[in-house]
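Data first, discussion second: the structure below is written as structure tokens.
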Protein chains: 2
Amino acid sequence: MSTASLTMEFPKVGLAARKKDRTRRQLAEAAAELFYEKGYTATTVDEIVAAVDVSPRTFFRYFPTKEDLVVALGETSLDQFLDALRNRPFEESLQVAVTAATAESWAAEWVDTTKVRSFLALLRETPALRARWLEEAYRKRDLMAEVIAARTGTCPSDLRNLMIAGAITLTINTALQAWADQDAEPNAAPFVYRGLEELATPLLPD
Amino acid sequence: MSTASLTMEFPKVGLAARKKDRTRRQLAEAAAELFYEKGYTATTVDEIVAAVDVSPRTFFRYFPTKEDLVVALGETSLDQFLDALRNRPFEESLQVAVTAATAESWAAEWVDTTKVRSFLALLRETPALRARWLEEAYRKRDLMAEVIAARTGTCPSDLRNLMIAGAITLTINTALQAWADQDAEPNAAPFVYRGLEELATPLLPD
DNA sequence: TAGGATAGTGACAGATTCTGTCATAAGTCA
DNA sequence: TGACTTATGACAGAATCTGTCACTATCCTA
């Protein structure tokens with residue numbers, strides 16, 4: 001057993017696993033291309049699998065639903081943001097840490113402005129996808145609440161932590177949408193920063 | 001023309017319209033009963049229409065999708081809240097107005113605690129429905145932003161207004177979920193109030 | 001009140017998503 | 001190499017959703 005884990009040094013995972021990853025990626029990429037080209041609903045699963053040459057049944061083994069495929073296209077961004085937030089020094093205030101984490105996850109490779117715009121456009125024009133994406137963000141909220149709780153030494157299920165996490169998610173989504181609605185500013189970050197600044201003031205002052 | 005609108009005094013809308021409303025309500029009620037009894041996915045459209053004795057095709061004329069049916073079950077609450085908020089005196093601060101509007105819409109007839117709990121349970125155990133519900137709240141957010149903008153004399157598409165509206169939606173949803181997670185407090189209002197109080201303080205202080 | 005316009009309805013066919021199942025092939029590990 | 005696990009393809013089938021058409025009930029106007 002202990003030797004087994006040592007034998008597979010170079011190929012951290014076996015040939016099968018690599019093949020699996022590749023198929024998954026191929027499906028996602030082929031789907032993205034088709035979605036951006038002719039829209040989400042107009043693209044059928046049959047078309048996607050034809051592009052990768054696998055059976056329709058196989059598709060649903062990789063992605064439980066067609067929507068999950070779209071989530072997979074964008075979820076990396078959320079994860080990277082959370083990772084960045086986790087790694088910010090504890091001395092920083094939440095405000096600073098969140099802003100910095102935003103900048104970091106923005107600098108990461110995945111953020112190709114063109115792709116992000118296409119992705120946001122896809123969400124915008126497909127209510128079902130927007131819903132699914134919100135749900136995904138909603139689920140990640142609990143994770144974010146944990147990270148925040150760890151920083152402030154409070155309880156993760158504290159209503160305030162849930163609200164802070166929700167507000168951050170809300171801010172990012174709202175700011176990104178506002179950014180996508182305009183063409184002047186090519187970089188999304190300023191929009192997010194402005195949103196985060198709002199969170200430094202009471203949203204409903206007495 | 002002018003006389004026509006006078007002739008239909010008592011039946012504000014004709015027989016056909018009343019029949020239509022009744023069918024719609026019957027579908028919603030039959031569906032709610034089945035959903036609460038055996039779950040959303042386990043309930044087929046065929047079963048719902050059988051209970052009301054209409055054709056499946058008719059169902060989709062009333063509700064574009066099965067999910068829309070569930071939205072119809074709960075959307076009154078959002079509308080009533082918005083109405084209440086619209087009618088609060090302008091002198092009140094947003095904080096006071098929102099709190100009062102919450103109390104008012106809570107007092108309305110629709111809020112049967114048992115039904116609300118069933119509804120929230122339905123959302124909780126069916127991710128697709130939760131997603132759809134979030135999307136609905138998201139769409140209502142723009143309306144709320146308009147109401148807020150009218151009070152503060154600002155632009156409805158202002159990022160800050162969108163965030164305030166989003167935060168209020170977020171607060172209500174989060175608080176309701178927290179309330180549904182416990183059994184001690186039978187009334188949901190205190191949870192919402194506590195959430196709204198959080199909005200009186202900065203969520204991300206410098 | 002009659003008759004045409006409008007709108008709800010049922011029935012059918014079909015597309016699409018998604019699930020269950022099983023045999024086959026490929027890959028893994030001892 | 002040989003047993004074991006896992007991915008895959010193929011098929012059948014359920015459920016959601018859409019297009020269409022003819023029929024009927026309701027409504028409006030003359």
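Labels below follow one simple rule: chain letters A, B, ... track the order of the sequence lines, proteins then strands, and each chain is numbered from 1.
Within 4.0 Å (heavy atoms only), B/Thr43 reaches sugar-phosphate atoms of the nucleic acid but no base atom. Contacts of A/Tyr62 with the nucleic acid, taken as non-hydrogen atoms under 4.0 Å apart, involve only primed sugar atoms and P, OP1 or OP2.
The stretch residues 46-61 of chain A comes close to DNA chain C through A/Arg57, A/Phe60, each having a heavy atom under 4.0 Å from the strand. Residues from residues 27-37 of chain B with heavy atoms under 4.0 angstrom of DNA chain C: there are none.
Between B/Glu67 atom CD and C/dT17 atom P there is a gap of 15 Å when expressed in whole angstrom units. Look at NZ on A/Lys19: it is 21 Å from P on D/dT5, rounded to the nearest Å. Summarising the geometry, the separation between CG on A/Asp21 and P on C/dG27 is reported as 15 Å, rounded to the nearest angstrom. Rounded to an integer number of Å, the gap from A/Asp68 CG to C/dC18 C1' is 12 Å. Residue B/Tyr40 contributes atom OH, which lies 11 Å from atom C1' of D/dA15 at whole-angstrom precision. Between A/Arg18 atom CZ and D/dA7 atom C1' there is a gap of 16 Å when expressed in whole angstrom units.
The shortest side-chain heavy-atom distance between B/Leu134 and B/Asn173 falls under the 4.5 Å cut-off.
Nearer the 5' end of DNA chain D, as judged by each residue's closest nucleotide, is the contact made by A/Lys20, out of A/Lys20 and B/Ala17.
Applying the side-chain contact (heavy atoms from CB on, under 4.5 Å) criterion to A/Glu146, with sequence neighbours excluded, gives A/Leu143, A/Pro156. Applying the ring-ring contact (aromatic ring centres under 6.0 Å, His included) rule to B/Tyr36 yields no partners; only residues at least two apart in sequence or on another chain are considered. Scanning for ring-ring contact (aromatic ring centres under 6.0 Å, His included) contacts around B/Phe60 gives an empty result, with sequence neighbours left out. B/Phe81 is linked by a ring-ring contact (aromatic ring centres under 6.0 Å, His included) to nothing, counting only residues two or more places apart in sequence or in another chain. By the salt bridge (Lys or Arg N to Asp or Glu O under 4.0 Å) test, B/Arg86 is found to be paired with B/Asp83, residues two or more places apart in sequence or in another chain being considered. Take A/Asp79 and apply the salt bridge (Lys or Arg N to Asp or Glu O under 4.0 Å) test, not counting sequence neighbours, and it matches A/Lys140. Evaluation of the ring-ring contact (aromatic ring centres under 6.0 Å, His included) rule for A/Tyr62 yields no partner, not counting sequence neighbours.
Listed nucleotides: C/dT17, D/dT26, D/dT8. Nearest to the side chain of A/Lys66: C/dT17.
Salt-bridge annotation for B/Glu198 and B/Arg194: absent, with no side-chain N of the basic residue lying under 4.0 Å from a carboxylate O of the acidic one.
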Taking only distance into account, with no hydrogens and no angle test, what donor-acceptor pairs under 3.5 Å do side-chain atoms of residues 44-57 of chain B form with protein atoms, sequence neighbours excluded?
| from | atom 1 | to | atom 2 | distance (Å) |
| --- | --- | --- | --- | --- |
| B/Thr44 | OG1 | B/Glu47 | N | 3.3 |
| B/Glu47 | OE1 | B/Lys38 | NZ | 3.3 |
| B/Glu47 | OE1 | B/Thr44 | N | 2.9 |
| B/Glu47 | OE2 | B/Lys38 | NZ | 2.8 |
| B/Ser55 | OG | B/Arg57 | N | 3.4 |
| B/Ser55 | OG | B/Thr58 | N | 3.2 |
| B/Ser55 | OG | B/Thr58 | OG1 | 3.1 |

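Within the structure, the salt bridge (charged side-chain N to carboxylate O under 4.0 Å, His left out) test picks out the following pairs touching residues 170-184 of chain B (sequence neighbours left out): B/Arg117-B/Asp183, B/Arg124-B/Asp181.
Comparing the helix axis at one end of the helix from C/dT1-D/dA30 to C/dA30-D/dT1 with that at the other, each defined from 5 consecutive pairs, gives an inter-axis angle of 30° (nearest 10°).
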